[in-house]
> 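First the structure, which I've put down as structure tokens, then a few questions once you've had a look.
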There are 4 protein chains.
Amino acid sequence: MCPVVVDRNAKREQIAQAALNAFSKKGYAATSVREIAAVARVGKGTLYEYFRTKADIFLAAVKCWLDQFETRFFSRLEGIDDPAQKLAALALAFVELVDPLDPMDARMSVEVIQQGILEGGVLFHRPHEIREMMAGSQKMVEQILLDGISKGMFTPETARHVGKIAVNLLGYLDGILLHAVVTKRDFDLEDHVAFYINTLIHSISGPSAG
Amino acid sequence: MCPVVVDRNAKREQIAQAALNAFSKKGYAATSVREIAAVARVGKGTLYEYFRTKADIFLAAVKCWLDQFETRFFSRLEGIDDPAQKLAALALAFVELVDPLDPMDARMSVEVIQQGILEGGVLFHRPHEIREMMAGSQKMVEQILLDGISKGMFTPETARHVGKIAVNLLGYLDGILLHAVVTKRDFDLEDHVAFYINTLIHSISGPSAG
Amino acid sequence: MCPVVVDRNAKREQIAQAALNAFSKKGYAATSVREIAAVARVGKGTLYEYFRTKADIFLAAVKCWLDQFETRFFSRLEGIDDPAQKLAALALAFVELVDPLDPMDARMSVEVIQQGILEGGVLFHRPHEIREMMAGSQKMVEQILLDGISKGMFTPETARHVGKIAVNLLGYLDGILLHAVVTKRDFDLEDHVAFYINTLIHSISGPSAG
Amino acid sequence: MCPVVVDRNAKREQIAQAALNAFSKKGYAATSVREIAAVARVGKGTLYEYFRTKADIFLAAVKCWLDQFETRFFSRLEGIDDPAQKLAALALAFVELVDPLDPMDARMSVEVIQQGILEGGVLFHRPHEIREMMAGSQKMVEQILLDGISKGMFTPETARHVGKIAVNLLGYLDGILLHAVVTKRDFDLEDHVAFYINTLIHSISGPSAG
DNA sequence: GATGAATGAGCCTTCATTCAT
DNA sequence: CATGAATGAAGGCTCATTCAT
């Protein structure tokens, strides 16, 4: 007559968020379904009402993580117009989003890479999903570069390398973040990134930029 | 009085090598000791004659991997004197050592990072080991830079940034390699790395370099 | 909201009882959890829903055994008032509770002793538990003796030895039971015990008892 | 031409002795063949030159234990003539042979009982061996009693009960020793045994003994 | 819809025994 | 004769998944 209406999507989201917390602490393999259920404050069986397998839960957690990351990320870039400043802001946003004491983001990055690389990894046969995760950021960086060129701030020659520059920048950011996390940050991350960005901007700026 | 004589060290090494193959395919958690034994072509019990635990086997595999990497690496740099060329060679060595079809190295990198980052990871409480693994490469890059400065090829100002430049370079290389592996190399890795190195060298070279 | 309701305590008890049967047949070490599960008619995994380890199962089985023993034991002594008769009844109860064809009690005694004595035994570091198991019986015997003294049936001098007499009696009973079990009862157990009790009672009875 | 002559029996004995030490510390199941070999200071393979199985080693250890026990035992009784004193000496010999700090004897007793009682126990299908182990002591006690009777120190009626008295005495001694070991001797063992013996002797002595 | 009791495949590890030397 | 390297069966235990309620 009056069935309890539950927003299935909301609950899925809640579970995915809980799973994200769990997975980013101990990784996919070491996180048990029981733990996820406990963190999500639902019964173990309930998980299987919303997801078919543990792997599905992981996928949802990854999506959850990406969404949150994007949201936080864009809010950092809002209102910045100058392309050079925008590049710097983008890089620093990456950096600042990694809390050295709770480096959930970095851990999830590694876990995602892991699961995508390894045979038998949860994402191994889903290159599409992985490709998609990365495409967004690349487009964004390219856009900034093209904008700078059209504004005359970056040399026209830069146009020939936008793809390379974007991929390199994102690769660098991921790599330096990993190093920071792995070494428990025994170097000044912000400083290093700023140095990289300065060099980059300098190399693509026209002579008038000096 | 006359027991079977076996070179225990050689056998350890052989097992470690086999374990390396196994671990780099499926990761630590997903690789069972049974599989390791099968790859090493020994009985399951034999593993425990040479190692106390699965974690110990992993450690040995990591060491094995590092050793091999260093060996191959140094052989690439032999006989190169020009600092700029040396930097380029170093970067390309990194790149070329990652076989896109069997990217063992990248996978082990990720696995090692993983085990070092994650709570309960095999390397979690061994930051010393991890730090050590990374220190060698950094020193090497710094040495090349200083050499270039003393030879007047790199600007004296570069001296103030050798640490940063080295860390950034290595971070970049790891990051871009990961991207290459994860995306199954849908960009031209060598080209991207060459571009990065050119930009770097250009930015630290004196005006006469132009 | 509406999960399967199971009386967890009842199930624990049921498993403990099954474990008791298994352990008393083959001992702690030689009984596998698989066997316990089979006897309890549950899955292997289910055991671990109710107990943390095999050792915990053993402990529960021991408690189960003690409880049952006490219950059967007290029912034998009910309604007997005469102290001498009570001593005799107590001894015979011990005896009769050991079925020569299924001498579970004696076997569990030995197993408990074993696990308590041996380095690495499950009960080795729980002297408290063992002490407690034994204290009850001793108190009971002492009470009977004191009762007999106050009724003038046992000599006042007996009072000085109640502790010794009780410990000796219980030691004797355990020892003679073990012999009976070990030798598969090739002597008349009841007769021997009766003889011992008669001698004991005679030695502590006043001259008027003659 | 000149083969090394090794006294196989001596080596067997040496191994059995080492095994005895090992078994009496941790019991049959928990003692590994490797440990026995280590204690015996021989190679693991060597054990199998002298024994067919671990069970055989245990048997030899048991025999070794019994032999030593008897030897020590008889040396205590030498030169005592008075039957009553002899009984007392015999009982105290039992007691004194159990070192409270290294209660090897008691542990071996339990282990032997264990292995004889339990299904699958090493001695389970060897009742003959067990029977034999016990027969010697019983005969000895009976002999003392008969001697006392013929000397007029024990009542003629005692003759009807020599078997019972002997079995009871030995049962008592085993039982009280076990209690002493299990409770880590929290009662005065010698005192209790002396009390038992006094009562026994008193009950079988003629009126003139008073 | 929600739950947690139940399960067995599969994990890492130990160990008695064999056998080449 | 003496050895220890090699082994696989078997052990205790975990955990993703199912299912009755």
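Note on naming: letters A, B, ... go to the chains in the order of the sequence lines (proteins, then strands), and numbering restarts at 1 for each one.
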> Can you confirm whether D:L123 sits close enough to D:L59 that some side-chain heavy atom of one is under 4.5 Å from a side-chain heavy atom of the other?
yes
> What pairs with D:R34 under salt bridge (charged side-chain N to carboxylate O under 4.0 Å, His left out), at least two apart in sequence or on another chain?
B:E49
> Please identify each residue that fulfils side chain to side chain contact (heavy atoms under 4.5 Å, CB included) with B:V33, with sequence neighbours left out.
B:K44, B:L47, B:Y48, B:K54
> Taking side chain to side chain donor-acceptor pair (under 3.5 Å) as the definition, give me every residue that meets it alongside A:Q114, ordered by chain and number, with sequence neighbours left out.
B:E111
> Can you check the A:Q14 CD to E:dA2 P distance for me, whole Å?
10 Å
> For the residue pair C:F58 and C:F23, categorise the inter-ring angle as parallel (less than 30°), tilted (30 to 60°) or perpendicular (more than 60°).
perpendicular
> Could you pull out all residues at least two apart from D:E119 that satisfy side chain to side chain contact (heavy atoms under 4.5 Å, CB included)?
C:K25, C:K26, D:F124
> Please name all residues satisfying side chain to side chain contact (heavy atoms under 4.5 Å, CB included) with A:K63, sequence neighbours left out, ordered by chain then number.
A:E129
> Would you mind telling me which of E:dT3, F:dT7, F:dA5 lies closest to the side-chain atoms of B:R8?
F:dA5
> For A:D56, give me all partners under side chain to side chain contact (heavy atoms under 4.5 Å, CB included), at least two apart in sequence or on another chain.
A:F51, A:R52, A:T53, A:R126
> Kindly state each residue pair satisfying salt bridge (charged side-chain N to carboxylate O under 4.0 Å, His left out) with at least one member in residues 12-24 of chain D, sequence neighbours excluded.
none
> Measure all distances between protein nitrogen or oxygen atoms and nitrogen or oxygen atoms of nucleotides 13-17 of chain F, and list the pairs falling under 3.5 Å.
from   : atom 1 : to    : atom 2 : distance (Å)
F:dC13 : OP2    : C:Y48 : OH     : 2.6
F:dC13 : OP2    : C:K54 : N      : 2.8
F:dC13 : O5'    : C:Y48 : OH     : 3.4
F:dC13 : N4     : C:K44 : NZ     : 2.5
F:dA16 : OP1    : A:K54 : NZ     : 3.1
F:dA16 : OP2    : A:V33 : N      : 2.6
F:dT17 : OP2    : A:Y48 : OH     : 3.0
F:dT17 : OP2    : A:K54 : N      : 2.9
F:dT17 : O4     : A:K44 : NZ     : 2.9

> Can you tell me the distance, in whole Å, between the CZ atom of B:R41 and the C1' atom of F:dT7?
16 Å
> Would you kindly give the CZ-to-P distance between C:F51 and F:dG12, to the nearest whole Å?
15 Å
> Over how many whole Å does the gap from C:I36 atom CD1 to F:dG11 atom C1' extend?
12 Å
> Dot-bracket for DNA chain E, 5' to 3', with Watson-Crick and G-U pairs under 3.5 Å, [ ] for crossing pairs and | for other-strand pairs: what is it?
.||||||||||||||||||||
> Look at D:K11 and F:dC1 and indicate whether a side-chain polar atom (N or O) is within less than 4.0 Å of OP1 or OP2.
no
> For B:D56 and E:dC12, what is the distance between atoms CG and C1' respectively, to the nearest whole Å?
13 Å
> I need the CG-C1' distance between A:L47 and E:dT3, as an integer number of Å.
11 Å
> Could you check how far CZ of D:R12 sits from C1' of F:dC1, rounded to whole Å?
16 Å
> Between B:Y50 and F:dA6, does any side-chain N or O lie under 4.0 Å from OP1 or OP2?
yes
